[in-house]
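First comes the structure, then the notes that go with it.
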Number of protein chains: 2
Amino acid sequence: MTDPKPDTPERPQRATAEMVARIAKVSRVAVSRAFNPDASIKPEKRAHILDVAQTLGYAPDRAARALVTRRSHLVGVIVPDVWSPWESQEIDVLTAALQNEGFATLLFKTRTDYSIDPTLLTYMRGFNPDSVIAFTENVRPRTLTKVLDRAVPIYIDYPQTAGDGYWDREDEGLLFDRLNILTRGGIEQAVAMMQGYGARRIAYLSGLSRSLASVAREETLRSIMRERGLPDPVLFPGDFTYDTAYSATLDLFRLGDGADAIFAANDVGAFGIIDALRHELNLRVPEDVMVVGFDDIQQAHWKSYNLTTVKVDIDQRVQALVRLILRRLKNPHVPPMEETIATRLVVRGTVGKRG
Amino acid sequence: MTDPKPDTPERPQRATAEMVARIAKVSRVAVSRAFNPDASIKPEKRAHILDVAQTLGYAPDRAARALVTRRSHLVGVIVPDVWSPWESQEIDVLTAALQNEGFATLLFKTRTDYSIDPTLLTYMRGFNPDSVIAFTENVRPRTLTKVLDRAVPIYIDYPQTAGDGYWDREDEGLLFDRLNILTRGGIEQAVAMMQGYGARRIAYLSGLSRSLASVAREETLRSIMRERGLPDPVLFPGDFTYDTAYSATLDLFRLGDGADAIFAANDVGAFGIIDALRHELNLRVPEDVMVVGFDDIQQAHWKSYNLTTVKVDIDQRVQALVRLILRRLKNPHVPPMEETIATRLVVRGTVGKRG
DNA sequence: TTGACGAATGAACACGTGTTCATTTTACTG
DNA sequence: CAGTAAAATGAACACGTGTTCATTCGTCAA
């Protein structure tokens with residue numbers, strides 16, 4: 001109350017293009033051009049301006065720039081759980097790649113059941129992301145584009161087998177850019193290896209029931225097993241989490257008929273399975289039950305698990321993602337494109353000789 | 001080249017306050033007021049405007065708003081590894097809390113050796129974060145404030161014992177808001193328990209050598225052990241990662257003299273220790289060697305590790321963080337404040353009877 | 001030297017919003 | 001009903017930048 005002024009600018013004002021111009025003895029427009037690679041300005045003049053800007057710690061205000069450019073250089077990432085190993089590893093690599101291209105990652109959390117609060121989209125819209133990457137499938141692309149008109153939505157984990165009406169697919173092609181996982185390669189190797197070691201009753205621990213990623217893996221698994229003359233996989237329900245996988249495994253072996261081998265929808269689930277088998281059911285892995293995961297997260301090589309798993313190459317995925325984003329940002333009118341990442345089996349210690 | 005126009009506005013223009021005003025038959029200023037809780041506007045008028053805005057999917061453009069308000073509602077988070085379990089779990093909770101308050105998390109990655117690229121600060125500055133949370137200590141607060149003049153920097157993992165000159169501390173108090181961990185409580189319980197089970201030679205696996213968090217834990221450990229008449233802890237160097245912990249443990253037992261118990265600077269390091277002991281050195285945990293971690297990350301309760309560890313309550317930390325941020329944003333001139341989070345031991349299975 | 005042409009320059013405008021301030025309307029008191 | 005204070009309104013300006021367009025500068029050939 002007795003303060004002299006509520007808004008006393010004690011700290012030095014942030015450097016602005018105007019200030020740089022004044023000190024460098026040039027016009028403000030020249031400063032703008034110095035920071036815009038395509039603008040025409042005499043090289044030595046640009047160098048001088050950048051030099052002055054450097055000493056002043058000046059960088060163009062992205063808010064002001066966004067206002068006129070219509071480019072925020074922000075990429076929104078929608079994710080249920082940041083701490084989930086696979087997602088966090090992908091966000092890590094993605095953030096590095098985006099940072100390299102002059103973008104920054106903007107994080108938004110959805111409910112953990114992978115559903116999106118409708119108000120979240122409007123909320124997100126206020127930040128004007130140039131692109132949106134949804135780590136969840138429970139929002140229809142059309143809904144996204146309706147709200148985020150200026151943003152470029154990209155969907156990942158989009159299974160190839162799930163185009164049957166649920167998703168917006170026009171007759172002549174795609175409506176949106178997509179990034180797919182070609183699950184077949186890795187799963188085929190996994191089944192071959194398990195079968196080679198004598199597994200016949202193979203169970204599948206699913207992810208969240210409505211998850212398209214989980215469904216795609218399940219269908220691929222079943223189709224491969226049929227081709228190889230194996231009985232259909234025993235299905236038991238998970239939700240991508242350790243705890244659920246743990247108790248589901250107990251149910252499978254105590255209430256159900258067990259299995260020779262288990263294929264999990266993701267690595268974390270596989271960890272839950274392994275721990276339930278070893279520490280609660282007194283079964284050996286792989287001698288009594290083989291386990292295969294999906295993702296190949298960092299933790300998969302930890303010695304306690306040493307998990308044989310289907311690897312999805314994160315670097316490849318992120319490169320493809322960034323490629324898609326930049327392509328569409330450069331020209332919003334190019335037709336939607338779809339990139340596909342292959343998978344392969346990483347052999348460690350959870351598949352092996354029986355007995 | 002033959003395209004009609006490069007800028008054809010095919011998709012509907014994003015709704016603006018102007019459009020809302022026109023449809024709702026009010027002035028644009030009224031729309032602004034409707035979205036500003038403190039502004040004075042007739043309640044039914046506001047309701048009507050918000051209603052129209054709702055159907056148009058309108059939300060105020062934060063870039064434009066930031067330009068005049070000087071508030072971007074962005075909180076920058078500087079972190080070396082997003083996927084690192086502890087960091088990703090804290091980012092997860094923090095993002096949820098910030099989202100709840102109308103802010104969004106902006107992610108920036110530093111080099112993995114925890115050092116900050118000087119250009120990153122200028123880069124970050126362009127985005128005008130209202131506040132910056134640094135998950136790394138290798139940047140001096142003063143450097144940060146120099147570049148991010150408008151932002152409110154907050155430091156976490158700031159050890160209480162490390163105020164000796166390295167950090168900017170004025171005689172009369174703090175220069176910046178801080179969040180501390182009171183390591184003593186949890187470590188004291190851990191040492192007492194290990195000693196109770198007969199451990200005498202206790203080793204400390206450090207984090208990154210220059211990490212203040214690691215140094216603080218080490219000093220607290222040593223001081224407690226001295227008070228209890230134990231010999232100084234054997235120090236062996238880690239860097240918070242699994243792999244380094246693993247090989248460092250092999251060195252400790254093959255080249256060095258081993259230990260009765262090991263206290264790790266973080267949980268992930270403890271996992272590496274446990275796996276090296278069990279799977280490579282054929283030692284039992286806790287019967288041959290006890291292990292205690294620090295953090296209590298989600299993975300600590302996984303049955304393969306079942307780690308006894310010093311818990312830092314993430315929810316408490318995030319609540320304190322958000323409190324600090326909002327407080328300073330509300331009034332940038334309040335004196336810096338320091339909050340401290342207590343720790344406590346979570347007892348699981350890696351400390352127990354010897355033999 | 002003149003002419004012409006491309007490169008470089010700066011004035012003015014636009015982006016979408018919050019805020020100030022003078023003005024008008026509403027509500028309440030006597 | 002008159003009078004007054006409080007509440008609500010709208011015009012104009014500001015925020016910091018990119019961009020357009022008419023103008024000026026520089027260069028080189030004739």
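Labels below follow one simple rule: chain letters A, B, ... track the order of the sequence lines, proteins then strands, and each chain is numbered from 1.
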Test side chain to side chain contact (heavy atoms under 4.5 Å, CB included) applied to Asp81(B) and Glu87(B), step by step
CA-CA 7 Å; Asp81(B) 287 309; Glu87(B) 274 85 349; over 6 Å; no

[X] side chain: which of [options] is closest?
X	options	result
Tyr58(B)	dT17(C), dG18(D), dT9(D)	dT17(C)
Ser40(B)	dC15(D), dA7(D), dG18(D)	dA7(D)
Arg70(A)	dC15(C), dT19(D), dG18(C)	dC15(C)
Asp61(A)	dA7(D), dG16(D), dT9(C)	dG16(D)

At a cut-off of 3.5 Å, list every protein nitrogen or oxygen paired with a nitrogen or oxygen from nucleotides 10-12 of chain D, distance to 0.1 Å.
{"unit_1": "dG10(D)", "atom_1": "OP2", "unit_2": "Ser27(B)", "atom_2": "OG", "d": "3.1"}
{"unit_1": "dG10(D)", "atom_1": "N7", "unit_2": "Arg33(B)", "atom_2": "NH2", "d": "2.6"}
{"unit_1": "dG10(D)", "atom_1": "O6", "unit_2": "Arg33(B)", "atom_2": "NH2", "d": "3.3"}

If only side-chain N and O atoms of [X] are considered, is one of them under 4.0 Å from the OP1 or OP2 phosphate oxygen of [N]?
X	N	value
Ser32(B)	dT19(C)	no
Asn36(A)	dT19(D)	yes
Thr69(B)	dC15(D)	no

Between [atom2] on [N] and [atom1] on [X], what's the gap in Å once rounded to a whole number?
X	N	atom1	atom2	answer
Arg125(A)	dG16(C)	CZ	P	11 Å
Arg71(A)	dC15(C)	CZ	P	17 Å
Arg62(A)	dC15(D)	CZ	C1'	18 Å
Lys42(A)	dT24(D)	NZ	C1'	12 Å
Glu44(B)	dT26(C)	CD	C1'	12 Å
Phe127(B)	dG16(D)	CZ	C1'	16 Å
Phe35(A)	dT17(D)	CZ	P	9 Å
Ile41(A)	dG6(C)	CD1	C1'	17 Å

Residues 91-108 of chain A, side-chain donor-acceptor partners within the protein, below 3.5 Å, at least two apart:
{"unit_1": "Asp92(A)", "atom_1": "OD1", "unit_2": "Val82(B)", "atom_2": "N", "d": "2.7"}
{"unit_1": "Asp92(A)", "atom_1": "OD1", "unit_2": "Lys109(B)", "atom_2": "NZ", "d": "3.0"}
{"unit_1": "Asp92(A)", "atom_1": "OD2", "unit_2": "Lys109(B)", "atom_2": "NZ", "d": "3.0"}
{"unit_1": "Thr95(A)", "atom_1": "OG1", "unit_2": "Ile91(A)", "atom_2": "O", "d": "2.7"}
{"unit_1": "Thr95(A)", "atom_1": "OG1", "unit_2": "Thr105(A)", "atom_2": "OG1", "d": "3.1"}
{"unit_1": "Gln99(A)", "atom_1": "OE1", "unit_2": "Lys109(B)", "atom_2": "N", "d": "2.9"}
{"unit_1": "Gln99(A)", "atom_1": "NE2", "unit_2": "Lys109(B)", "atom_2": "O", "d": "3.0"}

Both Arg65(A) and Leu67(B) contact DNA chain D. Which one's nearest nucleotide lies toward the 5' end?
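Of the two residues, Leu67(B) wins.
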
Using the C1' atoms of the five pairs at each end, what is the angle between the end axes of the helix from dT1(C)-dA30(D) to dG30(C)-dC1(D), to 10°?
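One end axis against the other gives 30°.
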
Listed pairs under 3.5 Å, donor-acceptor, residues 46-57 of chain B side chains, sequence neighbours left out:
{"unit_1": "Arg46(B)", "atom_1": "NE", "unit_2": "Ala34(B)", "atom_2": "O", "d": "3.2"}
{"unit_1": "Arg46(B)", "atom_1": "NH2", "unit_2": "Arg33(B)", "atom_2": "O", "d": "3.0"}
{"unit_1": "Arg46(B)", "atom_1": "NH2", "unit_2": "Asn36(B)", "atom_2": "O", "d": "3.1"}
{"unit_1": "His48(B)", "atom_1": "NE2", "unit_2": "Ala24(B)", "atom_2": "O", "d": "3.4"}
{"unit_1": "Thr55(B)", "atom_1": "OG1", "unit_2": "Val52(B)", "atom_2": "O", "d": "2.8"}

List for me each residue that meets side chain to side chain contact (heavy atoms under 4.5 Å, CB included) alongside Thr16(B), sequence neighbours excluded, and say none if there are none.
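For Thr16(B) the side chain to side chain contact (heavy atoms under 4.5 Å, CB included) partners, ignoring immediate neighbours, are Glu18(B), Met19(B).
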
Is Asp130(A) salt-bridged to Arg70(A), going by a charged N under 4.0 Å from an acidic O?
no

Counterpart residues, salt bridge (charged side-chain N to carboxylate O under 4.0 Å, His left out), relative to Arg22(A) (two or more places apart)
none

Is the shortest heavy-atom distance from the side chain of Thr110(A) to the side chain of Val79(A) under 4.5 Å?
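Of all side-chain heavy-atom pairs linking Val79(A) with Thr110(A), none is under 4.5 Å.
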
May I have the step-by-step check of side chain to side chain contact (heavy atoms under 4.5 Å, CB included) for Asp61(B) and Asn128(A), ending in yes or no?
CA-CA 7 Å; Asp61(B) 184 331; Asn128(A) 273 330; 3.0 Å; yes

Within 45 degrees of the ring normal and closer than 6.0 Å to the centroid, is that where the cationic atom of Arg62(A) sits relative to Phe35(A)?
no

What's the shortest heavy-atom distance between Gln89(A) and Trp83(B), and which atoms?
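Gln89(A) and Trp83(B) have their closest heavy atoms at CG-CB, 3.4 Å.
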
